[in-house]
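Throughout, numbering of the chain's residues begins at 1 and tracks the sequence.
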Amino acid sequence: MKAKISTTAKYLPKKTLTNSDLEKMVDTSNEWILSRTGIEKRHIVSEGEATSDMCKEVAIALMEKSGKKPEEIDLILIATSTPDVPVVSTAALVQDKIGATNAWGYDIVAACTGFVYAMETGAKLVESGKYKNVIVIGADTMSSIIDYTDRNTCVIFGDGAGGVLLEPSDDDCGILDAILLADGSGHKYLTVPAGGSLRPASKETIDKKMHYVYQDGKTVFKFAVKNMADVSKEILDKNNILGKDLKLFIPHQANKRIIDAAAKRCGLSEDQVLVNIGKYGNTTAGTIPIALDDAVEAKMLKKNDLVLFAAFGGGFTWGSMLIKWS
């Protein structure tokens, strides 16, 4: 048995933050941001709106599109690095908000690779035969951990959520393979230094702005270019698939230059690669499912098309997933 993606959905907050807006907040320019990232604008949550609220909207849309009732949902997996609160999982909050009384769930923390990690987890649980309707969502409220006086990070990230409904496949379509990797020695290059058990919140951590994202941009870029490109090529070679056989490559939307490097390594043409970073920025765990829903809405996919996901994130984490579209 394979697990298939039967439904997709996304949610972007109404408020937007353009490059022009950022020019008034920090020493940067539209030209500087575009040349280095490819980003034109990003969506930002309104006051009082949190990760679980975005996930709720995605989950409701998935149920409406698929015709599923809340009580038919078996499992909810949320990939996020920005939960509403410590201790209580975002998945538990979403389960309550949508009334999925028969579902259980939990959060998966793998930064920008989180959605691919969660997809592999959900797929294996569907393949076990025990679960039939699994919601997998990638979502992050990055604005809650971004220092908007730091131009190295504030221009990159946005808020958003996307997700899928996984169900058992009745043919050979579905998730074909995945390669997931991690290297914890890279943790110091992309992190939020405080707020956990190592450095609980204190006057010192707040004064030193240690609750915001810290990124060693050059190091992260170097690792991301190599590893996302390598893992994309590896899964194609493993499954005896050539780049020309792919219908669509949906990479993590972190940086246009990283995406271009991975596409080149796989021998892909421009029309095989989905790039939407200009509209949304880097929504971390949300980028791939948001882009997938964009592709579905644009009617870019048909049955039996081969789709490749690839991501790289803090941790370090990275991975790829190959799908035969159903």
Requested in this report: Begin with the C-alpha distance, continue with both residues' side-chain angles, and end with the deciding distance and a verdict on side chain to side chain contact (heavy atoms under 4.5 Å, CB included) for M228 and K233.
Outcome: CA-CA 9 Å; M228 200 166 91; K233 185 68 165 58; over 6 Å; no
Within the 4.5 Å heavy-atom criterion, are [X] and [Y] side-chain neighbours or not?
| X | Y | answer |
| --- | --- | --- |
| E23 | S29 | yes |
| L22 | I33 | yes |
| Q95 | L93 | no |
| K324 | N304 | yes |
| K15 | V45 | no |
| D159 | F157 | no |
| H43 | Y280 | yes |
| D177 | K238 | yes |

**Report entry** Step-by-step side chain to side chain contact (heavy atoms under 4.5 Å, CB included) determination, L77 to T121
**Finding:** CA-CA 9 Å; L77 299 175; T121 305; 4.1 Å; yes
Identify the heavy atoms of [X] and [Y] that sit nearest to each other, and give their distance.
| X | Y | result |
| --- | --- | --- |
| P70 | G99 | CB-O, 3.3 Å |
| R151 | D27 | CD-O, 3.0 Å |
| A161 | C55 | CB-N, 4.5 Å |
| F115 | A79 | N-CB, 3.6 Å |
| L125 | Y131 | O-CD1, 3.5 Å |
| A103 | L75 | CB-N, 4.0 Å |

Using the rule that two of Ile, Leu, Val, Met, Phe, Trp, Tyr join whenever any of their side-chain heavy atoms come within less than 4.5 Å, decide whether [X] and [Y] are in one cluster.
| X | Y | answer |
| --- | --- | --- |
| M119 | W104 | yes |
| L176 | V136 | no |
| M25 | V213 | yes |
| L306 | I179 | yes |
| V109 | I137 | no |

Salt bridge or not between [X] and [Y]? Use side-chain N to carboxylate O under 4.0 Å.
| X | Y | result |
| --- | --- | --- |
| K302 | D305 | yes |
| K2 | D172 | no |
| D260 | K264 | no |
| K303 | D171 | yes |
| E72 | K69 | no |
| K279 | D294 | yes |

Query raised in the report: Would K209 and T149 count as a side-chain hydrogen bond (donor to acceptor under 3.5 Å, both in side chains) if you check the C-alpha gap in whole Å, the side-chain angles of each, and the deciding distance to 0.1 Å?
Result: CA-CA 11 Å; K209 297 185 175 183; T149 66; 3.2 Å; yes
Query raised in the report: Do other residues, nucleotides or ligands put more than 12 heavy atoms under 6.0 Å from K188 NZ?
Result: yes
Report task. Flag yes if more than 12 heavy atoms outside K299 fall under 6.0 Å of its NZ atom; otherwise flag no. Result ->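 Check fails, neighbour count at 12 or below.
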Please answer whether the main-chain N or O of [Y] pairs with a side-chain N or O of [X] as donor and acceptor at a distance below 3.5 Å.
| X | Y | value |
| --- | --- | --- |
| T141 | S143 | no |
| N255 | R257 | yes |
| S202 | T205 | yes |
| D207 | E204 | no |
| S169 | A3 | no |
| Q272 | S269 | yes |
| T37 | L34 | no |
| S66 | L62 | yes |
| T51 | D84 | no |

Report task. Walk me through it: do L17 and K41 pass the test side chain to side chain contact (heavy atoms under 4.5 Å, CB included)? Result -> CA-CA 6 Å; L17 187 66; K41 67 176 183 178; over 6 Å; no
Within this structure, what is the [atom1]-[atom2] distance for the pair [X] and [Y], rounded to the nearest 0.5 Å?
| X | Y | atom1 | atom2 | answer |
| --- | --- | --- | --- | --- |
| Y212 | T191 | OH | OG1 | 15.5 Å |
| C266 | L246 | SG | CG | 7.5 Å |
| S89 | I76 | OG | CD1 | 9.0 Å |
| D245 | L308 | CG | CG | 12.0 Å |
| D183 | N227 | CG | CG | 8.0 Å |
| D150 | N152 | CG | CG | 5.0 Å |

Requested in this report: Hey, can you tell me if F223 and Y189 have their rings parallel, tilted or perpendicular (30° and 60° cut-offs)?
Outcome: parallel
With distance as the sole criterion, is a donor-acceptor pair present between the side chains of [X] and [Y] under 3.5 Å?
| X | Y | result |
| --- | --- | --- |
| T90 | D107 | yes |
| Q215 | T153 | no |
| S320 | S232 | no |
| T82 | D140 | yes |
| N19 | R42 | yes |

**Report entry** Full working for side-chain hydrogen bond (donor to acceptor under 3.5 Å, both in side chains) between K97 and S52
**Finding:** CA-CA 9 Å; K97 289 182 177 185; S52 70; 2.7 Å; yes
Query raised in the report: How far apart are the C-alpha atoms of V275 and F249, what are their side-chain angles, what is the distance that settles it, and do they pass the side chain to side chain contact (heavy atoms under 4.5 Å, CB included) test?
Result: CA-CA 9 Å; V275 180; F249 176 42; over 6 Å; no
Report task. Taking salt bridge (Lys or Arg N to Asp or Glu O under 4.0 Å) as the test, write out the residues that go with K132, two or more places apart. Result -> none
Side chains of residues 286-293: which donor-acceptor pairs under 3.5 Å do they make with residues two or more places apart or in other chains?
unit_1, atom_1, unit_2, atom_2, d
T287, OG1, H252, ND1, 2.7
T287, OG1, Q253, N, 3.4
T287, OG1, T284, O, 3.4
D293, OD1, T8, OG1, 2.7
D293, OD1, A9, N, 3.4
D293, OD1, K65, NZ, 3.4
D293, OD2, K10, NZ, 2.9

